[in-house]
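All figures in this text were calculated on a predicted structure; none of them were measured in a lab. Protein chains get the first letters and strands the later ones, always in sequence-line order, with residue 1 at the start of each.
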Number of protein chains: 2
Amino acid sequence: MLRVMPTQVAKLARTDAGLSSALRISVMRLARRLRNERDARDDLSANHLAVLGTLSRHDTMTIGELAAAEKVQPPSMTRTVTSLCDKGLVRRTTHDSDRRVVVVSLTESAHAVIAESRRRKEAWLNHRLRELTPAERQTLRDAAPILERLSQA
Amino acid sequence: MLRVMPTQVAKLARTDAGLSSALRISVMRLARRLRNERDARDDLSANHLAVLGTLSRHDTMTIGELAAAEKVQPPSMTRTVTSLCDKGLVRRTTHDSDRRVVVVSLTESAHAVIAESRRRKEAWLNHRLRELTPAERQTLRDAAPILERLSQA
DNA sequence: TATTGTTATACTCTATAACTATA
DNA sequence: TATAGTTATAGAGTATAACAATA
């Protein structure tokens with residue numbers, strides 16, 4: 001049985017050489033867990049939810065901008081936006097000065113869906129965090145901004 | 001512009017209430033980044049790679065066990081295993097005592113593919129970690145086992 | 001009968017190529 | 001001509017339902 005157990009992750013992390021491996025394993029596993037915790041009750045696909053999330057961070061975006069942000073090709077984004085439009089979660093309008101451009105924005109009901117989805121995702125994690133010691137929570141508080149910076153690098 | 005910036009993550013993390021949100025955001029972002037860093041050069045799909053990874057942690061598994069581990073239905077796993085078999089990455093043998101069961105195991109070439117993929121994924125993170133201060137690396141060293149425990153809860 | 005895995009079939013998501021409409 | 005987006009079409013990946021082989 002070659003499975004990497006929690007204690008092995010701690011051991012790995014002790015050296016600079018092992019830190020990268022330990023961090024990758026633990027971050028990927030926790031992310032997978034958080035993702036599954038969400039998927040269980042959401043009726044929107046991961047893809048659709050990602051587009052709503054991106055839109056909520058940018059307010060309005062064009063099809064091209066959305067495609068670039070989600071790293072898909074424009075035809076795929078056309079399809080996704082059409083589907084979200086049918087569900088009443090986004091609005092499509094023509095750009096004021098350039099009529100080739102389609103401007104996409106969230107509807108009120110989308111804001112509610114996003115908030116609810118986020119609330120559910122955090123409920124599970126919140127519960128787990130309350131089971132940690134104050135010192136462990138402090139470590140995570142210190143670590144969060146560093147992890148964030150790594151992701152932006 | 002509603003985008004959550006690194007400084008906001010640090011601010012969020014200061015309170016117990018905000019820790020869950022800050023941690024979720026930073027972990028999900030770093031995981032996405034790590035995943036993309038891998039996808040860029042791998043010719044195997046994320047799904048195929050996940051199956052190889054699971055097999056490398058368990059040595060031999062049946063189709064049913066693999067389906068359960070990857071949270072897909074048996075017919076989907078049959079398809080995936082057939083494809084990996086065609087690529088020469090896994091072997092299918094019949095179980096000794098129960099001839100309904102298919103036992104799947106990695107080939108030598110799969111071990112090489114897994115090692116190479118893992119090496120690539122870690123190269124990017126390794127480089128980022130060297131840019132941190134020793135104190136920041138220590139914080140991550142402390143955090144890794146806690147993150148791992150959260151994912152197992 | 002129950003279980004393990006497969007085949008048949010359909011749906012979703014994605015891609016490339018060819019097209020329309022604006023600029 | 002070049003650009004933004006769409007339509008047409010095809011290829012993965014997944015699911016459910018029905019089936020075969022074995023227990």
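When the side-chain nitrogen and oxygen atoms of A/Asn47 are compared with OP1 and OP2 of C/dT12, none of them lie within a distance under 4.0 Å. Using a 4.0 Å cut-off, no side-chain N or O of A/Thr78 falls inside it from OP1 or OP2 of D/dG5. Between B/Thr80 and the phosphate of D/dG13, there is no side-chain N or O to OP1/OP2 separation shorter than 4.0 Å.
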5' to 3', nucleotides 16-23 of chain C under a 4.0 Å protein heavy-atom cut-off (B base, S sugar-phosphate only, - none) gives BB---BBS
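For A/Met77 and C/dT14, the CE to C1' distance is 11 Å, given to the nearest whole Å. Atom NE2 of B/His95 is separated from atom P of D/dT22 by 15 Å (rounded to the nearest Å). Look at CG on A/Leu66: it is 13 Å from P on C/dT14, rounded to the nearest Å. In this entry the distance linking CD of B/Glu70 with C1' of D/dA15 reads 17 Å, nearest Å. One interatomic measurement links the two molecules: CE of B/Met61 to C1' of C/dT4, which rounds to 15 Å at whole-angstrom precision. Atom CG in B/Asp86 sits about 14 Å away from atom C1' in D/dA12, given to the nearest Å.
Of the two residues contacting DNA chain C, namely B/Val103 and A/Arg79, the nearest-nucleotide position lying further toward the 5' end is that of B/Val103.
Counting only N and O atoms by type, the side chains of B/Gln138 and B/Arg141 include a donor and acceptor under 3.5 Å apart.
Closest non-hydrogen pair, B/Met61 versus B/Ala69, comes out as CE-CB, 4.1 Å.
Within 6.0 Å of atom CD in B/Glu131, more than 12 heavy atoms from other residues, nucleotides or ligands are found, so the atom counts as buried in its surroundings.
With hydrogens and angles ignored, the 3.5 Å screen pairs no side-chain donor or acceptor of B/Arg24 with any backbone N or O of A/Leu34. The backbone N or O of A/Ala22 lies less than 3.5 Å from a partner atom in the side chain of A/Ser26, making a donor-acceptor pair.
A salt bridge between A/Glu122 and A/Arg118 is absent, with no side-chain N of the basic residue lying under 4.0 Å from a carboxylate O of the acidic one.
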